[in-house]
Participant: 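Sharing a structure, written as structure tokens. Questions coming.
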Amino acid sequence: MSTHTPDIKRLFEPRAVAVIGASLDPNKIGYKIVQNIVTNGYVGKVFPINPKGGEILGLRVYPSVHDIPDEIDVALVVVPAKAVFQTVQECAAHGVKFVPIISSGFSEVGNLEEERKIVAYAREHGMRVLGPNIFGLYSVTPSLNASFGPRDIPKGNVAIVTQSGALGVAMIGKAAAESMGLSAIISVGNKADIDEADLLEYLVPHRETRVILMYIEGVKNGARLVQVLKRASKEKPVIVIKAGRSRRGAIAAASHTGSLAGATEVFDAIMRQCGVLRASSIQEAFNWCKFLAISVLPQGAETVIITNGGGIGVIATDACETYSVELYDDLQILEKIFAPLTPEFGSTKNPIDLTGQATAEHYNRALEAARHSETIHAVLALYCETALFDVASFEPMIEGNFHAFQEAGKPVVFSALGGEKVEQLTEMLRRRGVPIFADVTEAVACLGALYTHYRYRSQPEELSQTLEIDTKAIERVLEAARREHRAFLLAHEAQQLLRIAHIPVPKSAIARTLDEAVRSADEIGYPVVLKVVSRDILHKSDVGGVALDLGNPQEVADAYGAILHNCRAYKPNAVIDGIEVSQQVASGMQIIIGARRDPSFGPILMVGLGGIYVEVMKDVSFRALPIGRQDAIDMLKELKSYPLLLGVRGEEKRDIDMVIDVLLRVGSLLLASEQISDIEINPLIVYEHGRGSVAVDARVLLA
Ligand code: ACO
């Protein structure tokens with residue numbers, strides 16, 4: 001592979017582009033792309049290529065890329081799939097940097113081999129591939145519309161990266177209809193080479209781009225995407241629409257662009273970890289994009305709702321909880337600010353209820369007061385139509401206040417609900433960039449998205465904590481399994497691995513004689529548990545291979561004999577490696593901790609309410625590894641059962657610090673050896689605060 005990879009900037013800001021497969025036939029894609037490039041006023045040079053030569057839209061057509069006198073940064077490939085490889089070879093010979101391949105007919109229809117061959121060739125020759133199976137790209141800085149999408153793309157500050165071509169083209173249309181300006185739109189198609197992470201490298205520092213929207217169906221190199229997204233979300237809002245959430249959706253996505261959709265829970269959790277805003281619909285994503293592209297960032301969390309109707313105020317209050325918007329609740333200060341502006345029968349508790357008699361002037365005064373207050377950081381202004389409504393006064397009131405708030409550096413969102421006149425007003429103002437919604441929940445959701453972004457930006461950068469683990473010792477444990485061609489560790493080997501990572505396990509020893517068993521029990525302390533150790537006996541308890549609660553040497557001796565007898569009766573030729581004597585662990589709260597290599601995101605960590613109900617409750621949370629201590633705390637706080645760890649109904653708090661410690665250690669253990677594919681501790685028994693925890697059972701699978 002060539003060590004030289006071109007700067008991604010040249011994809012977005014090429015100095016010269018070629019269109020290979022440019023056609024004179026106005027019905028062909030090869031014509032449309034040239035037409036879009038020309039009519040959009042691209043600042044660089046354009047070279048249409050077609051063996052027939054001639055002229056297209058006043059441009060000279062070159063028979064081949066070899067004939068072009070200039071260096072080409074981007075060569076769009078618009079020839080049938082079977083001709084693409086040769087075209088790519090010619091591009092490489094001419095030193096082209098990027099080849100966006102419009103053509104379909106590759107991995108999305110099962111033709112993975114050809115796709116791989118093309119990418120391998122391109123990379124070997126220092127060239128990068130966008131697509132294949134794409135509609136092209138638009139980039140505002142050089143005024144380049146190298147797509148066969150709509151001709152008129154509104155200029156603005158939102159960049160879209162889309163895995164679906166058709167949806168991308170539709171989004172351009174919708175952006176125009178919603179007056180949402182774009183700074184870039186890029187179709188990644190099959191993502192055979194260039195993926196979202198590559199594109200973010202350009203879009204994050206790109207000045208004209210204020211918000212990034214991504215439509216994702218499947219993630220291939222998730223570990224890198226996580227690194228890039230974490231940095232990106234610190235700079236500007238990143239919104240994701242992920243398809244394939246439902247099971248049916250996931251199947252459709254798998255066959256759509258030829259890539260597998262990641263599991264929803266993992267995807268959701270990791271996006272949250274990266275500060276990414278997850279929109280549940282295109283409309284929601286567009287609302288957020290438009291709002292976040294213009295809104296100032298808040299200076300604090302205190303939000304005030306100003307309304308003329310109690311009901312709408314209650315709906316907004318509920319929505320604030322859902323979207324994590326904090327409502328200001330210092331009643332004294334609220335009264336001081338708003339009492340002079342609110343009728344006796346109104347309310348100065350948040351929501352501030354100006355009552356049904358409120359006119360535009362009342363709103364004006366209340367909004368002005370909120371704007372001037374240093375303790376209020378954001379405002380939701382809601383209006384329900386009454387007989388006092390008139391467009392002539394409300395229109396300048398809303399627009400004027402929006403601009404005044406922007407200047408004051410304080411976010412504001414409006415909602416107006418009512419008949420035709422109110423709807424017309426809303427529509428008109430929206431088109432002029434004012435954040436106003438008919439549906440109050442949409443308004444709150446926008447503010448919620450802004451706050452999620454704000455909180456992520458404000459939180460200090462967390463250093464990941466990967467603990468040093470003796471890799472040589474791990475290697476020795478894994479060696480035995482490898483020798484026997486096992487893809488899993490035996491129970492005592494798994495326990496050994498946990499010991500290496502300093503994760504507390506019950507005291508135990510393997511006894512090969514009755515004397516050894518009794519001596520071990522004496523050393524460990526009673527009561528003890530005896531378990532047969534044999535790869536030939538999987539379900540030990542079912543065959544009488546386990547004895548619990550043994551309180552003295554006599555009981556140990558009896559159980560030892562009984563276990564051997566039972567196992568021989570069950571399988572006379574079973575290889576018995578010994579009998580494990582272990583400390584009988586006292587009961588406590590049961591937690592599950594798992595770490596595995598996710599096909600999309602690489603190493604991930606899971607924690608949840610454990611024991612036998614884990615499958616039913618599914619109360620688990622995930623993170624991509626490595627993580628820091630705060631991440632581990634957040635993982636626990638996300639669990640519905642977190643209050644159980646804090647202790648309910650007079651129970652003592654559990655040893656949460658110890659759970660955090662085990663989480664960090666399990667994560668570090670997975671990262672310490674590429675050969676471990678899964679580690680699962682279930683249960684980890686957690687005792688009261690200060691009394692620690694113990695990993696009773698562990699399963700370890702090997703890659
Ligand atoms: N070098 C230069 N020009 C060539 C070469 C070559 N090696 N080979 C062919 N051409 C010329 C052809 O002569 C033709 O020009 P002409 O009209 O002057 O004869 C032109 O390139 C196009 O070739 P055609 O064989 O006519 O192919 P056509 O234009 O019908 O289709 C295309 C080509 C568009 C690449 C098609 O194969 C394809 O893949 N279509 C699907 C595209 C798509 O949907 N992509 C996903 C987008 S996302 C979404 O869903 C919106």
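Just follow the structure's listing: the first ligand is 1, and inside any ligand the first atom is 1. Computed from a predicted structure; not experimentally measured.
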Participant: Return the closest protein heavy atom for atom 7 (N) of ligand 1 as residue, atom name and distance.
Facilitator: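 Among all protein heavy atoms, the one nearest atom 7 (N) of ligand 1 is Thr87 OG1, 3.9 Å.
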
Participant: Looking only at protein heavy atoms, which one is nearest to atom 48 (S) of ligand 1, and how far off is it?
Facilitator: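 The answer is Gly165 CA, 3.3 Å.
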
Participant: Does the protein place any heavy atom closer than 4.0 Å to atom 5 (C) of ligand 1?
Facilitator: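 Flag for atom 5 (C) of ligand 1 set to true, protein heavy atom closer than 4.0 Å.
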
Participant: Against heavy atoms of Pro51, which atoms of ligand 1 measure under 4.0 Å?
Facilitator: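 Every atom of ligand 1 under 4.0 Å from some heavy atom of Pro51: 2 (C), 3 (N), 4 (C).
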
Participant: Which residue from Val169, Val65, Ile33, Ile134 reaches closest to atom 47 (C) of ligand 1 through any of its heavy atoms?
Facilitator: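 That would be Ile134.
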
Participant: How far is atom 20 (C) of ligand 1 from its nearest protein heavy atom, and which residue and atom name does that atom have?
Facilitator: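 Ranking protein heavy atoms by distance from atom 20 (C) of ligand 1, first comes Gly21 O, 3.5 Å.
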
Participant: Taking side chain to side chain donor-acceptor pair (under 3.5 Å) as the definition, give me every residue that meets it alongside Gln459, ordered by chain and number, with sequence neighbours left out.
Facilitator: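 Checked Gln459 against side chain to side chain donor-acceptor pair (under 3.5 Å); zero matches.
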
Participant: Touching ligand 1 at all, Gly105? Heavy atoms, strictly under 4.0 Å?
Facilitator: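 Judged by the 4.0 Å heavy-atom criterion, Gly105 does not count as contacting ligand 1.
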
Participant: For Ile20, take its heavy atoms, then give the atoms of ligand 1 lying under 4.0 Å from any of them.
Facilitator: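 Here the atoms of ligand 1 in question are 1 (N), 2 (C).
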
Participant: Taking distance alone, with N or O pairs closer than 3.5 Å, would you say Ala81 contacts ligand 1?
Facilitator: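 There is no such contact.
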
Participant: For Ser23 and Asp25, does a side-chain donor sit closer than 3.5 Å to a side-chain acceptor?
Facilitator: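 Judged by distance alone, the side chains do not pair up.
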
Participant: Once salt bridge (charged side-chain N to carboxylate O under 4.0 Å, His left out) is applied, what residue pairs with a partner in residues 52-70 remain, sequence neighbours excluded?
Facilitator: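 Non-adjacent pairs meeting salt bridge (charged side-chain N to carboxylate O under 4.0 Å, His left out): Lys45-Asp70.
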
Participant: Just to be sure I'm reading this right: ignoring hydrogens, which of Ile102, Leu167, Val79 gets closest to atom 35 (C) of ligand 1? Compare them by their nearest heavy atoms.
Facilitator: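 It is Val79 that holds the nearest heavy atom.
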
Participant: Can Asn190 and Ser107 be counted as having a side-chain donor-acceptor contact under 3.5 angstrom?
Facilitator: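 Ser107 and Asn190 do have a side-chain donor-acceptor pair below 3.5 Å.
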
Participant: Below 4.0 Å, non-hydrogen atoms only: which portion of Lys52 touches ligand 1? Side chain, backbone, both or neither.
Facilitator: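 Just the side chain.
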
Participant: Considering only heavy atoms, which of Ser164, Gly136, Pro80 lies nearest to atom 24 (P) of ligand 1?
Facilitator: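 When every heavy atom of Ser164, Gly136, Pro80 is considered, Pro80 comes closest to atom 24 (P) of ligand 1.
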
Participant: Answer yes or no: does an N/O atom from Lys28 fall short of 3.5 Å to an N/O atom of ligand 1?
Facilitator: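 Looking only at distances, the answer is yes, because the N/O contact criterion of under 3.5 Å is met.
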
Participant: Quick check on contacts: which atoms of ligand 1 are under 4.0 angstrom from a heavy atom of Val78?
Facilitator: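 Checking each atom against Val78, I get 22 (C), 33 (C), 35 (C).
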
Participant: Which heavy atom of the protein is the closest neighbour of atom 49 (C) of ligand 1, given with residue, atom name and distance?
Facilitator: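 Going by distance alone, atom 49 (C) of ligand 1 is nearest to Ala166 N, 3.5 Å.
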
Participant: Flag the pair Arg430 / Ser179 as yes when at least one side-chain heavy-atom distance between them is below 4.5 Å, and no otherwise.
Facilitator: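 No - every pair of side-chain heavy atoms lies 4.5 Å or more apart.
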
Participant: Salt bridge between Arg272 and Glu638, side-chain N to carboxylate O under 4.0 Å?
Facilitator: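 Judged by the 4.0 Å cut-off on N to carboxylate O distance, Arg272 and Glu638 do form a salt bridge.
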
Participant: Anything under 30° is parallel, anything over 60° is perpendicular, the rest tilted; go ahead and classify Phe85 against Tyr121.
Facilitator: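 The rings of Phe85 and Tyr121 stand perpendicular, inter-plane angle above 60°.
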
Participant: Taking 4.0 angstrom as the limit and counting only heavy atoms of Phe148, give me the atoms of ligand 1 inside it, by number and element.
Facilitator: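 Numbered from 1, ligand 1 contributes 47 (C), 51 (C).
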
Participant: Within 45 degrees of the ring normal and closer than 6.0 Å to the centroid, is that where the cationic atom of Lys32 sits relative to Phe148?
Facilitator: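 No; the conditions do not both hold, so Lys32 does not lie above the ring face of Phe148.
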
Participant: Going by an N to O cut-off under 4.0 Å, is there a salt bridge joining Asp195 and Arg224?
Facilitator: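 Salt bridge present between Asp195 and Arg224.
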
Participant: Look at atom 18 (O) of ligand 1 and find which of Asn50, Val84, Asp25 reaches it with the closest heavy atom.
Facilitator: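 It is Asn50 whose heavy atom sits nearest to atom 18 (O) of ligand 1.
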
Participant: Going by an N to O cut-off under 4.0 Å, is there a salt bridge joining Asp193 and Arg123?
Facilitator: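 Salt bridge flag = yes for Arg123 with Asp193.
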
Participant: Do the side chains of Arg432 and Glu395 get close enough for a salt bridge, i.e. N-O under 4.0 angstrom?
Facilitator: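 Glu395 and Arg432: salt-bridged.
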
Participant: Is a salt bridge present between Glu427 and Arg431, judged by a nitrogen-to-oxygen distance below 4.0 Å?
Facilitator: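 Judged by the 4.0 Å cut-off on N to carboxylate O distance, Glu427 and Arg431 do form a salt bridge.
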
Participant: Give the residue and atom name of whichever protein heavy atom lies nearest to atom 46 (C) of ligand 1, and the separation in Å to one decimal.
Facilitator: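 Nearest neighbour among protein heavy atoms for atom 46 (C) of ligand 1, to 0.1 Å: Asn133 OD1, 3.2 Å.
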
Participant: Are any non-hydrogen protein atoms located under 4.0 Å from atom 30 (O) of ligand 1?
Facilitator: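 No, because not a single protein heavy atom sits under 4.0 Å from atom 30 (O) of ligand 1.
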
Participant: Does Arg116 have more than 12 heavy atoms from other residues, nucleotides or ligands lying within 6.0 Å of its CZ?
Facilitator: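 Result for CZ/Arg116: open.
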
Participant: Give the atoms of ligand 1, by number and element, whose distance to some non-hydrogen atom of Ser103 is under 4.0 Å.
Facilitator: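 Going through ligand 1 atom by atom, the ones under 4.0 Å from Ser103 are 35 (C), 39 (O).
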
Participant: If the threshold is 4.0 Å, N to carboxylate O, is there a salt bridge linking Lys191 and Glu196?
Facilitator: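 Salt bridge present between Lys191 and Glu196.
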
Participant: Answer with side chain, backbone, both or neither: which part of Ile29 has a heavy atom less than 4.0 angstrom from an atom of ligand 1?
Facilitator: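 Under 4.0 Å from ligand 1, Ile29 contributes side-chain atoms alone.
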
Participant: Checking a contact table here: which protein heavy atom is nearest atom 17 (O) of ligand 1, and how many Å away?
Facilitator: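 Of every protein heavy atom, Ser23 OG, 2.6 Å lies nearest to atom 17 (O) of ligand 1.
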
Participant: Using a strict cut-off of 4.0 Å, indicate which atoms of ligand 1 neighbour a heavy atom of Ser104.
Facilitator: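 Within the 4.0 Å cut-off of Ser104, ligand 1 contributes 38 (C), 39 (O), 41 (C), 42 (C), 43 (C), 44 (O), 45 (N), 46 (C).
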
